[in-house]
Amino acid sequence: MATFRHICDSVAVITLSNPPVNALSSALIQALQKALGEAIRDSAVEAIVICGDKGKFCAGADIREFNKPSQKRGPHLLLLTDLIESNKKPVVAAIEGVALGGGLELALGCHYRVAHVQARVGLPEVLLGILPAASGTQRLPRLIGIAAALTLITTGKYVPAREALKLGIVDKVVGENTVDEAIRLAKKVIGQPLGSRQLSTLPVQCPPNVEALLAEAMVKVKKQFRGAQSPQACIEAVRAAVHLPYTEGIKKEQELYQFLNATHEPRAQQYAFFAEREVAKWTLPSGASWKTVSPQPIHTAAVIGLGTMGRGIVTSLAKAKIPVVALEQDKRQLDIGSKAVMSLLDREILKMEQLGHTEATNSLGPVRFTLDYDELKDVDIVIEAVFENMALKKDIFRRLSVVCKPEAFLCTNTSGLNIDEIASVTNRPQMVIGTHFFSPAHIMKLLEVVRGCYTSSTTISTAMRLAKMLGKIGVLVGNCPSFVGNRLMRLYVEQAVFLVEEGSKPEEIDLALEDFGLAMGPFRMMDLAGLDIGWKARTEIGLTGPKLPIGTPARQRGSKRYSPLPDILCEQGRFGQKSGQGWYKYEKSGGRNAMPDPWLYNFLSEYRCIHNLKTRNITQEEVIERCLYILINQGFKVLEEGIASDPKDIDVIYNNGYGWPKHTGGPMYYASLVGLPVVLTKLEKYYEDNPDILDLKPSNFLKKLVASGTPPLKEWRSHLGSQSSKL
Ligand code: HSC
Ligand code: NAD
């Protein structure tokens with residue numbers, strides 16, 4: 001676990017070993033304590049180096065042990081950092097790979113830190129619903145000052161070695177042989193005074209406006225991580241470092257840790273952390289799985305259509321060093337698209353250079369722009385991102401069948417069209433799959449991988465591997481209209497519009513849902529995405545526009561309630577940000593500053609008058625429950641139909657594609673927190689009040705779970721019939 005050996009007699013090297021990331025389990029902490037004790041007692045040892053096995057220093061505390069009762073845990077890492085710092089022999093941390101969380105706290109206990117150029121350091125505890133509770137909130141501000149420490153601790157950001165050197169977190173960055181360099185440094189400093197290297201003894205360098213700085217940070221995190229407590233606790237802990245001596249500051253750090261640990265947030269965020277990793281481990285009802293089916297190699301790719309999505313997808317492939325052929329429909333579109341891609345790539349290069357990359361340009365894959373399908377004949381994978389139009393997509397896939405080599409995979413970025421229908425026009429339906437990226441595609445982490453009924457397990461394996469190559473989280477889902485993410489989102493947005501008809505203001509609904517923690521309320525989101533997109537889609541399927549049968553009631557489609565409000569806004573040219581007005585008004589077309597619009601209030605009054613709608617006072621509670629529970633209810637339906645195989649798939653999709661607050665774990669985890677009987681009762685009530693909103697009718701699966709005694713979320717899957725899976 002922590003092995004100890006002598007180098008040239010005077011330096012002891014202690015190697016942390018707990019694969020795959022040398023997480024500090026109780027056993028590893030115990031072994032490290034033992035090895036340290038031996039090295040400290042051994043009179044032949046004059047200096048100590050701590051490093052990690054297999055090129056990774058340490059990814060922090062072992063998250064899997066967080067739920068262990070404290071009496072079953074070994075010695076506290078905090079005591080170990082104090083032991084290292086206070087001992088008379090210099091200790092050097094040799095940081096390769098990562099020093100994260102407790103890993104960095106361990107390194108901060110050491111007197112010196114040497115890092116490999118590709119190493120990253122950070123305190124990501126806040127992303128797990130806790131704070132750095134082994135002295136990180138007290139030692140880091142003493143080392144790098146308040147402003148930089150606040151940024152690192154409240155964002156959980158990982159910092160590359162060169163930036164860490166600039167900030168003063170590490171003393172030296174090396175291109176190779178990190179451990180050798182650490183040993184050299186350790187030998188050099190033998191006998192030198194350690195006082196200035198013992199961070200706990202140093203004062204915190206405070207600017208005169210420190211309270212203003214802390215207050216500003218508090219405002220920022222309250223806005224950025226709405227509803228989450230850990231970022232605020234992080235700031236309180238740093239405030240303690242400013243005002244209290246180290247030992248008192250540590251007491252405050254521990255108190256805040258205990259406080260956070262008593263909330264639901266750490267469990268929710270840790271669930272989200274592991275869920276993101278577990279979704280990669282897909283299994284089909286046939287038994288084929290990530291373990292048994294190998295992906296095909298992807299050396300080259302093509303993207304068709306360089307609009308909003310295509311340009312981001314090209315950039316994402318280039319960032320993964322995959323050479324791309326980018327194809328458009330005509331010269332004009334090609335020029336526009338290629339300029340947009342080049343500007344995105346330039347921005348990526350700039351970002352890399354700012355992080356100290358010396359050969360940033362060479363670290364992107366080459367992009368070739370073309371109008372010629374023949375250039376696609378040798379690529380391993382094609383991703384189509386043209387307009388959302390079935391006839392057009394079918395045309396393109398027919399053409400790809402002819403042009404592409406037989407081994408090439410054909411993917412579509414459709415937001416919700418039928419994958420099987422697209423696959424059926426090709427000569428290789430088994431190699432057709434949905435790869436649903438999220439906008440902006442070079443930034444958003446989520447990739448919904450949509451399996452059609454013909455899609456082979458090798459195609460799934462390859463698409464899931466592609467997600468990983470692009471640094472994204474691939475979630476495998478089944479084929480149904482709008483797949484998982486958009487299917488749930490449509491109902492949530494629709495509910496928000498119904499609430500406006502009933503008397504809420506768009507900004508009240510946005511505020512309620514943003515206070516809950518969603519990155520953006522539904523009306524701001526619609527304005528950002530463009531109201532015309534949904535309008536076009538509804539027009540195409542005849543929910544509005546010329547295809548709508550004459551005599552259809554304005555607020556009803558079939559037996560369901562329908563709101564024509566978004567259609568009317570579009571008819572008035574109000575498309576959202578792009579036209580300078582939508583649900584809000586903006587300073588100009590393309591403006592981002594959403595302002596309530598008195599025009600809309602008048603329009604809504606008239607609308608309600610025309611449709612004889614009586615307004616009522618709608619509480620925040622009702623807004624949250626109706627919008628979120630209808631989404632959750634659909635989540636249960638998606639599980640029941642076998643479109644997603646596990647609640648965590650839905651949670652990962654929402655956390656990473658739709659700005660759901662991770663501190664609630666995701667919609668399905670949130671439902672388990674609220675309690676399924678409560679969700680069921682509320683849905684029953686709202687459905688009774690609104691019998692024409694059919695999607696409020698509780699799903700059978702939700703009812704079944706409640707009838708089975710509300711099992712914990714990890715057991716829900718076992719209550720699904722295996723015959724239902726569409727994967
Ligand atoms: C912490 O350190 C708290 C401290 O302040 C101490 C507090 C003291 C108080 C404690 C009282 C109790 N633990 O991501 P990957 C697994 S909090 C356990 O796919 P990559 C991961 O699940 C911790 N397991 O690989 C996966 O397992 P699987 C702060 C961990 O190369 C495997 O490792 N640290 C783990 O893409 C590979 O992971 C963090 O938040 C951990 N700490 O990325 C770091 N970390 O194979 C979180 C990973 O079974 N980790 N695993 O699926 C990461 O950011 C990434 O995993 C890495 C590697 C960048 C390390
Ligand atoms: P867009 O209108 O911005 O871009 C479409 C591009 O396809 C245009 O540049 C157009 O010139 C090009 N194109 C059209 N016909 C072509 C042809 N025959 N050959 C080559 N290129 C052609 O559309 P978008 O928003 O990028 O959406 C593309 C696809 O991605 C759609 O299926 C959409 O549903 C899906 N999608 C969009 C988003 C989003 O947020 N915009 C998110 C996820 C998925």
Side-chain angles (χ1 to χ4, degrees), residues 18-26 29 56-68 70 73-74 76-78 81 97-106 120 122-137 156 158 253-254 257-258 261 266 269-270 273-274 276-278 280-281 303-313 326-330 332-334 336-337 340 371 373 383-390 392-393 395-396 399 412-417 434-441 444 446 448 468 471 482 485-486 528-530 533 536-537 657:
N18 182 18
V21 292
N22 300 328
L24 291 158
S25 60
S26 310
I29 296 179
K56 287 190 183 111
F57 183 71
C58 172
D62 190 331
I63 305 166
R64 291 186 201 276
E65 287 190 357
F66 276 179
N67 292 330
K68 254 189 179 179
S70 54
R73 291 197 210 118
H76 200 300
L77 178 62
L78 169 65
T81 62
V98 286
L100 300 173
L104 180 58
E105 292 175 298
L106 176 66
R120 290 174 299 159
L123 292 175
E125 285 86 343
V126 69
L127 306 176
L128 295 169
I130 54 171
L131 49 66
S135 73
T137 66
Y158 294 1
E253 184 186 88
Q254 293 303 306
Y257 174 78
Q258 297 304 343
N261 217 19
Q269 301 225 166
Q270 288 149 29
F273 173 86
F274 287 117
E276 280 171 19
R277 281 143 186 91
E278 280 160 28
K281 298 172 185 170
V303 175
I304 304 189
L306 300 178
T308 311
M309 295 308 288
R311 52 190 73 166
I313 299 171
L327 184 141
E328 254 294 347
Q329 56 175 335
D330 58 38
R332 188 173 161 270
Q333 291 303 124
L334 189 69
I336 298 173
L371 294 171
Y373 269 83
I383 302 171
E384 164 278 311
V386 302
F387 305 131
E388 187 75 339
N389 176 298
M390 182 54 96
L392 174 63
K393 290 196 193 268
D395 260 3
I396 287 175
R399 206 156 170 189
T412 170
N413 185 48
T414 171
S415 317
L417 296 178
T435 46
H436 182 205
F437 289 77
F438 287 71
S439 179
M444 295 295 283
L446 179 65
E448 239 183 350
K468 181 104 187 147
S482 305
N486 286 346
L528 174 69
I533 294 180
K536 262 189 219 145

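Start at 1 and go down the list; that is how both ligands and their atoms are numbered.
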[options]: member with heavy atom nearest to [atom]:
{"atom": "atom 34 (N) of ligand 1", "options": "Pro20, Ala134, Ala59, Gly471", "answer": "Ala59"}
{"atom": "atom 28 (P) of ligand 1", "options": "Gln258, Lys281, Lys468", "answer": "Lys281"}
{"atom": "atom 58 (C) of ligand 1", "options": "Asn22, Val21, Val98", "answer": "Val21"}
{"atom": "atom 15 (N) of ligand 2", "options": "Arg332, Gln329, Arg311", "answer": "Gln329"}
{"atom": "atom 39 (C) of ligand 1", "options": "Gly97, Ala61, Pro124", "answer": "Pro124"}
{"atom": "atom 35 (C) of ligand 2", "options": "Leu327, Asn413, Ile383, Asp395", "answer": "Asn413"}
{"atom": "atom 54 (O) of ligand 1", "options": "Phe66, Phe273, Tyr158", "answer": "Tyr158"}

Using only atom types and a distance under 3.5 Å, with no angle test, would you say the side chain of Asn486 pairs donor to acceptor with the backbone of Gly416?
no

With a 3.5 Å distance limit and no angle check, can you tell me whether Glu328 reaches the backbone of Gly337 through a side-chain donor-acceptor pair?
no

Please state which protein non-hydrogen atom is closest to [atom] and give its distance, to 0.1 Å?
{"atom": "atom 43 (C) of ligand 2", "result": "Phe437 O, 3.2 Å"}
{"atom": "atom 7 (O) of ligand 2", "result": "Val386 CA, 3.4 Å"}
{"atom": "atom 39 (C) of ligand 2", "result": "Met309 SD, 3.5 Å"}
{"atom": "atom 34 (O) of ligand 2", "result": "Ser415 OG, 2.5 Å"}
{"atom": "atom 4 (O) of ligand 2", "result": "Gly307 CA, 3.2 Å"}
{"atom": "atom 9 (O) of ligand 2", "result": "Glu328 OE2, 2.5 Å"}

Subset of ligand 2 atoms that lie under 4.0 Å from at least one heavy atom of [X]:
{"X": "Ser439", "value": "40 (O)"}
{"X": "His436", "value": "43 (C), 44 (C)"}
{"X": "Leu392", "value": "15 (N), 18 (N)"}
{"X": "Gln333", "value": "9 (O), 11 (O)"}
{"X": "Gly305", "value": "7 (O), 12 (C), 21 (N)"}
{"X": "Thr414", "value": "32 (O)"}
{"X": "Ile396", "value": "17 (C), 18 (N)"}
{"X": "Glu388", "value": "31 (C), 32 (O), 33 (C), 34 (O)"}

State, yes or no, whether a side-chain contact exists between [X] and [Y] at a heavy-atom distance under 4.5 Å.
{"X": "Phe66", "Y": "Asn261", "result": "no"}
{"X": "Gln329", "Y": "Val386", "result": "no"}
{"X": "Thr414", "Y": "His436", "result": "no"}
{"X": "Gln333", "Y": "Leu306", "result": "no"}
{"X": "Ser439", "Y": "Met444", "result": "no"}
{"X": "Glu388", "Y": "Lys393", "result": "yes"}
{"X": "Asp62", "Y": "Asn18", "result": "yes"}
{"X": "Asn22", "Y": "Phe57", "result": "no"}

Does ligand 1 come near enough to [X] that some N or O of the ligand is less than 3.5 Å from an N or O of the residue?
{"X": "Tyr257", "answer": "no"}
{"X": "Glu125", "answer": "yes"}
{"X": "Ala133", "answer": "yes"}
{"X": "Ile130", "answer": "no"}
{"X": "Glu105", "answer": "yes"}
{"X": "Ala23", "answer": "no"}
{"X": "Gly101", "answer": "no"}

Against heavy atoms of [X], which atoms of ligand 1 measure under 4.0 Å?
{"X": "Gly60", "answer": "2 (O)"}
{"X": "Arg64", "answer": "22 (O), 27 (O), 49 (O)"}
{"X": "Gly102", "answer": "1 (C), 2 (O), 4 (C)"}

Looking at CG of Leu77 and CD1 of Ile29, how far apart are the two atoms once the value is rounded to the nearest 0.5 Å?
5.0 Å

If I take atom CD1 from residue Ile336 and atom CG from residue Asp330, how far apart are they, to the nearest 0.5 angstrom?
8.0 Å

Between Glu105 and Ser135: side-chain donor-acceptor atoms closer than 3.5 Å:
no

Can you see which heavy atom on [X] is nearest to which on [Y], and at what distance?
{"X": "Tyr257", "Y": "Ile130", "answer": "CE1-CG2, 3.9 Å"}
{"X": "Gly103", "Y": "Cys58", "answer": "CA-SG, 3.6 Å"}
{"X": "Leu334", "Y": "Ala326", "answer": "CD1-O, 4.0 Å"}
{"X": "Pro124", "Y": "Gly101", "answer": "CD-N, 3.3 Å"}
{"X": "Glu253", "Y": "Ala134", "answer": "OE1-N, 3.5 Å"}
{"X": "Leu446", "Y": "Gly657", "answer": "CD2-CA, 3.7 Å"}

Nearest protein heavy atom to atom 23 (O) of ligand 2: under 4.0 Å?
no

4.0 Å heavy-atom contact, Gly136 with ligand 1
no

In this structure, does ligand 1 have an atom that sits under 4.0 Å from one of the heavy atoms of Lys56?
no

Ligand 2 contact on Phe438 by region, counting heavy-atom pairs under 4.0 Å:
neither

Proximity to ligand 1 by part of Leu24, non-hydrogen separation under 4.0 Å
neither

Just heavy atoms, cut-off under 4.0 Å: does Arg120 contact ligand 1 by side chain, backbone, both, or neither?
side chain

Could you establish whether Lys393 and ligand 2 come within less than 4.0 Å of each other, counting only heavy atoms on the residue side?
yes

Among the heavy atoms of Ala385, does any lie under 4.0 Å from an atom of ligand 2?
yes

If you measure every N or O of Tyr373 against every N or O of ligand 2, does any of those distances drop under 3.5 Å?
no

Test log, rule side chain to side chain contact (heavy atoms under 4.5 Å, CB included), inputs Gln269 and Ile63
CA-CA 11 Å; Gln269 301 225 166; Ile63 305 166; over 6 Å; no

